[in-house]
Protein chains: 2
Amino acid sequence: MKTEDSLSTTFAALADPTRRAILARLTRGPATVTELAAPFSISGPAVSKHLRVLERARLIARAREAQWRPCQLDAGPLREVAEWTAEYRRFWEKSFDRLDVYLGELQAKRREAAGKEKGNARSKKQR
Amino acid sequence: MKTEDSLSTTFAALADPTRRAILARLTRGPATVTELAAPFSISGPAVSKHLRVLERARLIARAREAQWRPCQLDAGPLREVAEWTAEYRRFWEKSFDRLDVYLGELQAKRREAAGKEKGNARSKKQR
């Protein structure tokens, strides 16, 4: 159950575009809260709140220095996400196959319907 | 922003162990709500609520028949998750390298500390 819980925490932390943008910024190297807040039109405290969520999910680590606490990316939990997702690879490949089959069927039905309409139109004319 | 929103919806839907267990069950084929509820100690309505979340996130599709509405997996959104995660692969590989460096440093410090202690013990004996 522990692994499931840590996965839930990771997924919940990732379910926000600002938090994902923060992680993307940190791929370029460590940054302070001020630096991380700069591209967003949200307050420093709002950024701090996002950072706490990311920190609890162990997606970032923060230096202990009181004044300048740079954040750095910790992508470890994303490895778990990738491994979890990999189990479904054959199904998303399949889902595209299924879509192809479905679209094929749809097209066949449309052709059939169009054929019938033409037929009806002809029989109306003949009457 | 649309892609980001759909990713947020997907991540939020995945942030629950019951919902992930439902997806895992559906890898074995379509199932009804009753079948999906069976392994869980939660009510039918609670399962239905989870199914609505998964349906909104397009992770499952439900047949339209009113009485027997089997659910089936739609792994399409998981492809997006996999693609998003892949961008961080080099960082989780790096984070293990960093851990190695850190553990190496820690070991060196311990050895150094152990050496000093031995030295202190010796000088105490000599006194």
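Residue numbers begin at 1 in each chain, while the letters A, B, ... track the order of the sequences.
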- prompt: Is it the case that one hydrophobic cluster holds both Leu54(B) and Phe40(B), taking links as side-chain heavy atoms less than 4.5 Å apart, direct or via other members?
  reply: yes

message: Starting from Val53(A), can I reach Val47(A) by hopping between I/L/V/M/F/W/Y residues whose side chains sit under 4.5 Å apart?
response: no

- line: In Leu73(A), Asp74(A), Leu78(A), the residue satisfying side-chain contact (heavy atoms from CB on, under 4.5 Å) with Phe91(B) is Leu73(A)

List the atom of [X], the atom of [Y], and the distance in Å for their closest heavy-atom pair.
| X | Y | answer |
| --- | --- | --- |
| Thr85(B) | Ala82(A) | CG2-CB, 3.8 Å |
| Leu14(A) | Phe11(B) | O-CD1, 3.3 Å |
| Pro17(B) | Ser8(A) | CD-OG, 3.3 Å |
| Gly76(A) | Trp92(B) | N-CB, 4.0 Å |

query: Can you find a heavy atom in the side chain of Trp84(B) that is under 4.5 Å from one in the side chain of Leu23(A)?
result: yes

query: Side chains of Tyr88(B) and Arg79(A): does their closest heavy-atom pair fall under 4.5 Å?
result: no

field: Interchain contact, Ala24(A) with chain B, by part (heavy-atom threshold 4.5 Å)
entry: both

CD-OG1 distance between Glu87(B) and Thr27(A), expressed to the nearest 0.5 angstrom: 9.0 Å

- prompt: If you draw a 6.0 Å radius around CZ in Arg62(A), do more than 12 non-hydrogen atoms from other residues or ligands fall strictly inside?
  reply: yes

field: Selection from Pro77(B), Ala15(B), Ala13(B) maximising heavy-atom pairs under 4.5 Å formed with chain A
entry: Ala15(B)

